[in-house]
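Below: the structure, in structure tokens.
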2 protein chains.
Amino acid sequence: MPRPALAETDISAQLREAIARGQFSPNERLVEAELAERYSVNRAHIRTALAVLDRDGLVVRLPNRGARVRAISDAEAMEIAETRLAIETMVARQAALRGDAKGRASLRRIEKDMRRAVTQSDAALYSQCNAALHRELQRMAGNATANRILNTLKSHLMRLQYRGILLPGRPRASLAEHAAIVKAVCAGDADAAERAMRKHLTSFTRLLKQAIEATRMGGF
Amino acid sequence: MPRPALAETDISAQLREAIARGQFSPNERLVEAELAERYSVNRAHIRTALAVLDRDGLVVRLPNRGARVRAISDAEAMEIAETRLAIETMVARQAALRGDAKGRASLRRIEKDMRRAVTQSDAALYSQCNAALHRELQRMAGNATANRILNTLKSHLMRLQYRGILLPGRPRASLAEHAAIVKAVCAGDADAAERAMRKHLTSFTRLLKQAIEATRMGGF
DNA sequence: CCGCGCCAGATTGTCAACAATTTGGTCAAC
DNA sequence: GTTGACCAAATTGTTGACAATCTGGCGCGG
């Protein structure tokens, strides 16, 4: 059986998840003693977790003044989306080149579920499929480095969604984009896969930009 | 005056640097008590630093068995180089779009120094200029997210160099590539900048692949 | 009424002691 | 000789105590 994860690693992950889900507001103070009690660990673990999250950019810490949930500016949200685009287009390419038959079958199945979600107007299902599709592409690409980075970036972007700044997207419009990605990856056409992913994420980025300009948020 | 960095953050940076410079061998055990003495801090700080470096992928930790310098496989070295390429091409594009006059002047000056380094066969100077050039491009692009990621990736790649797996590059050959990047960025031509950077890093990646196949290293 | 210094409480930063676990070696039994 | 139990040293994991620092409010003097 696999050795259990270190408690510290575990706490980092839990806190990361909680912040990504918007359970803490931007700039909210993260008091070590409180968190230690809430997660039933001692302060040392919380301290370590906060240091890790600081490195991830989810938290800022000021000497002697503790940690806060990092507020992300409009400009930075765009940066994150652009960086994600750069990496994920590479992932799409690699998935097309290195993907296995099992992965391709998964993609097709996910696409089918997406179509069903659209016809049934099931936004939750679509969102779930969307996540599954991107996850499967990452798995197929088999680029652990890229995956780690992408997951961190996504936890930032997830905050937008949970804070209602970014809507779950428009299934009908993005379905075609997703289908194009699946088609290209399954055909093993790296260039087409990259193009399709770029197109998809460019429209995501455009959406984000609009949302930002609409809400004129001061950080999330 | 700027508030001093947290001791923990500082120790993480020092350890990261030491590992990047090859002062610890792959798989070498990192005993907390030893490091605490070496860096004149207590074990708690070292523990935290190790957790951060674990997240960075520079270290692996096994429960009750401590931390080791992470050995990076051939395949993973390629992954890292590819991911770097994906991000840095974006940085080049953004530098072309958003760079300021001061940055462009810096680039030109660095290019001049590079030429001098080549004519004088000063490998150390060239290497220094190379780092300065990439750093300046990052600054011009102003993408803090990308910068953070790139710096982490570079600390991995630096290990290759310090371990003698990857030579400092061949100045004469790469000078032209660098010049092309500078030219495109200074002209504000984003597409050309991206292409030039892609070309440059593609040859870097090719070089890495050859080095890997030559040494058949089992991890670094 | 307003500003300023100062105090108390809250919180972070530091440290050392102790508990739990792993590791490597020794020794006895077969 | 080999196997296996056991022990001791090394190391990691956990915890609590204490020191240092910040924060907000109170009262004093202007």
Quick one: label [X] by what it contacts on the DNA or RNA (base, sugar-phosphate, nothing), any heavy atom closer than 4.0 Å.
X: A:Leu50; answer: nothing
X: B:Ala44; answer: nothing
X: A:Ile46; answer: nothing

Rounded to whole angstroms, how far apart are [atom1] on [X] and [atom2] on [N]?
X: A:Arg68; N: D:dT23; atom1: CZ; atom2: C1'; answer: 11 Å
X: B:Asn64; N: C:dA19; atom1: CG; atom2: C1'; answer: 11 Å
X: A:Glu34; N: C:dT12; atom1: CD; atom2: C1'; answer: 13 Å
X: A:Ile11; N: D:dT14; atom1: CD1; atom2: C1'; answer: 14 Å
X: A:Arg65; N: D:dG24; atom1: CZ; atom2: P; answer: 9 Å
X: A:Glu32; N: D:dC22; atom1: CD; atom2: C1'; answer: 14 Å
X: A:Leu62; N: C:dA10; atom1: CG; atom2: C1'; answer: 17 Å
X: B:Glu37; N: D:dT11; atom1: CD; atom2: P; answer: 12 Å

Determine whether a donor-acceptor pair (one donor, one acceptor, N or O, separation below 3.5 Å) exists between the side chain of B:Arg43 and the base of D:dG13.
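Per atom types, the contact qualifies.
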Over 60° means perpendicular and under 30° means parallel, so tell me whether B:Tyr126 and B:His178 are parallel, tilted or perpendicular.
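B:Tyr126 vs B:His178 ring planes: tilted.
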Whether B:Arg84 engages the ring of B:Phe204 as a cation-pi pair (distance to the six-membered ring centre under 6.0 angstrom, angle to the ring normal within 45°) should be assessed.
yes
Taking only residues two or more places apart in sequence or in another chain, which ones pass side-chain contact (heavy atoms from CB on, under 4.5 Å) with B:Arg139?
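B:Arg139: side-chain contact (heavy atoms from CB on, under 4.5 Å) contacts with B:Asp100, B:Lys102, B:Glu136.
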Check this one for me: any side-chain N or O of B:Asn42 less than 4.0 Å away from OP1 or OP2 of C:dT14?
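No, no such contact exists.
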Whether the B:Gln94 and A:Glu82 side chains hold a donor-acceptor pair (N or O, under 3.5 Å, no angle test) is what I'd like checked.
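A:Glu82 and B:Gln94 do have a side-chain donor-acceptor pair below 3.5 Å.
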